[in-house]
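In each ligand, atom 1 is the first atom listed, and ligand 1 is the first ligand listed. Basis for what follows: all heavy atoms, side chains included, without hydrogens, waters or symmetry-related copies. Note that the structure is predicted; figures quoted are calculated from it, not measured.
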Amino acid sequence: MLQRDFTEEQNMFRDAYRKFLASEIVPHMEDWRAAGIVDREAFRKAGEQGFLMIWPDEKYGGLGDDDFRFEQIIIEETAYARVGDWFNSLHSRLVGPYFTRFGSEEQCQRFLPGCISGDTILAIAMTEPDAGSDLAGMRATAIEKDDHWVLNGSKTYISNGINADLVIVAAKTDPENNPHHMTLFLVERGMEGFERGRNLDKMGLKAQDTAELFFNDVKLPRENVLGEPGQGFIYLMKGLAEERLIGAAGYIASAQLSWDLTADYVKERKAFGKPLAAFQNTQFQLADMRTQLDIAQTYVDQCVRAFTAGQLSAADAAKAKLVCSELSITAADLGVQLHGGAGYMDEYPISRQFTDSRINTIYAGSSEVMKIIISRDCLSDDYVPFNTRNF
Ligand SMILES: Cc1cc2nc3c(=O)[nH]c(=O)nc-3n(C[C@H](O)[C@H](O)[C@H](O)COP(=O)(O)OP(=O)(O)OC[C@H]3O[C@@H](n4cnc5c(N)ncnc54)[C@H](O)[C@@H]3O)c2cc1C
C-alpha cells in the first residue's frame, strides 16, 4: 500500500472527523436526500466540534492551522462516508478564503466568526442561465450610485443556494467597455430584492441544495464590496488552483470508494459456480483501475505538497482535476458493470456513486476547460516540466 505522509495529529483528526460523520451526519442523510437539502444544524454541529473552516486565525474563532491536509482529510472522509452532498468544503475552503484573501479586516471580523461557528452558511454565485464556462458572458450588472451599489441579474446552479446566508456574487461593473471588469459583492440573506428561485431537481447529489438566485435592484453598501471594484475576474482566477485541488481530492476519494465497494462485491457474488473475482476479466479491470487510482492519488498528494509550498500552478491543479474527475466516473461506471443488475439499484451504494459523480467533469471547470488551461501551459515557450520542479 502506498504511504501517505499524514502526521500523527492529522491521523487523530481523521479518526475524530470520521466519528463525527458517523454520529451527526450519516444517520440524517436519507432524510436530507428526500428533502433535497441538508439541515442547517449540520453546519452548526461541525462548527461546534471544530470541523468547519478550521484554517482562519484564532482571533476569528478558527484553529489557525492553514495546512491543506486537514481539509484533504475532511474531503476524503466525507466522500468515504458517502455524504458528499453535504457541501461543507465549499463553505469552508472554497468560499471562506475569499474573505482573508481579498476582504477587509472589517469584513473578516463581521463575517468569519459566524462562518466558523456554522451560523452563517456560504455560497458563491458566478454561473448564469446563459454563462457558465464563459464567465465573461455573464449579464448580472452592478452600478455605483451615491454611497452604494445596485445589483441586478440572476444566477443558477448555485450550491448551498437555499441554505446560504451570505453569497459572494460576481457582477459586471463596466459592461459596455470591458467584459472582464467584474466586482464581487457580499449579498446577505434578507436584503431587499434578493430572492431565491427553485431548489433544482438533480440526477445525483440529492441532498445538495442547488438553486436559482435573483437580484432585483439589490442595494449594497460599499462595505459589501469584496476587495477592489473591477478586480472580481482576477480574484476568481486567483482561487482556481486551490478550488481544483479541493475538487481533485474529493473525486479521487470517491473513485477509491467505488473501487472498494466493487472489490468487496465481486469477492462475494458468485456466477457459474465461482466468485466474480475469479474471472480474469474482473481481475484485469480491477487491476487496471487500481493502478490508475494509485497513480492519480500520488499526483494529488504531490499537488497538495506543492500547494503547501505555495507552488501549485493553475495548470498542474487542472491536471489533477481533469484526471480525478474522469476517474471518479469511470470507477463508478466499472463498479456498476461488475455489480450487474444490482448496480442499477438505488439500494446499492455503487448506484449512487455513479449518479453523484457524473457532475464531476462538468462543474468547477469542465474537462474541456481543463484541457484548454493545460494546453495553453504545456505548449507555451516558457513551460517548465513538472518533473524538473522542486517542492
Ligand atoms: C450540481 C451543480 C453545482 C454547481 N455549483 C455552482 C456554484 O456553487 N456556483 C456557480 O457559480 N456555479 C455552479 N455550478 C455551475 C457550473 O460551474 C457550470 O455548470 C459549469 O461551469 C459549466 O457551465 P455550463 O453549465 O454553462 O455549461 P457550458 O459552458 O454551456 O458548457 C457546455 C459544454 O460545452 C463545453 N465547452 C464550453 N466551452 C468550451 C470551449 N471553449 N471549448 C470546448 N468545449 C467547451 C463544456 O465543457 C461543456 O461540455 C454548478 C453546477 C452544477 C450542475
statement: Residues with a heavy atom under 4.0 Å from ligand 1, by chain and number, are Ile124, Ala125, Met126, Thr127, Gly132, Ser133, Tyr157, Ile158, Ser159, Lys202, Thr210, Ile359, Ile362, Tyr363, Ala364, Ser366, Glu368, Ile372

message: Enumerate the salt bridge (charged side-chain N to carboxylate O under 4.0 Å, His left out) contacts for residues 213-227, please, sequence neighbours excluded, ordered by first and then second residue.
response: Glu144-Arg222

- line: Apart from Phe215 itself, its cluster of hydrophobic side chains linked below 4.5 Å comprises Trp149, Leu151, Ile158, Val167, Val169, Phe185, Val187, Met191, Phe194, Leu213, Val218, Leu220, Val225

task: Check the angle between the aromatic planes of Tyr348 and His339 and answer parallel, tilted or perpendicular using the 30° and 60° thresholds.
output: perpendicular

task: May I ask you to decide if Tyr299's main-chain N or O and Lys319's side chain share a donor-acceptor pair within less than 3.5 Å?
output: no

query: Does the side chain of Asp316 reach to within under 4.5 Å of the side chain of Gln311, using non-hydrogen atoms?
result: no

task: With sequence neighbours excluded, tell me which residues meet side chain to side chain contact (heavy atoms under 4.5 Å, CB included) with Tyr344.
output: none

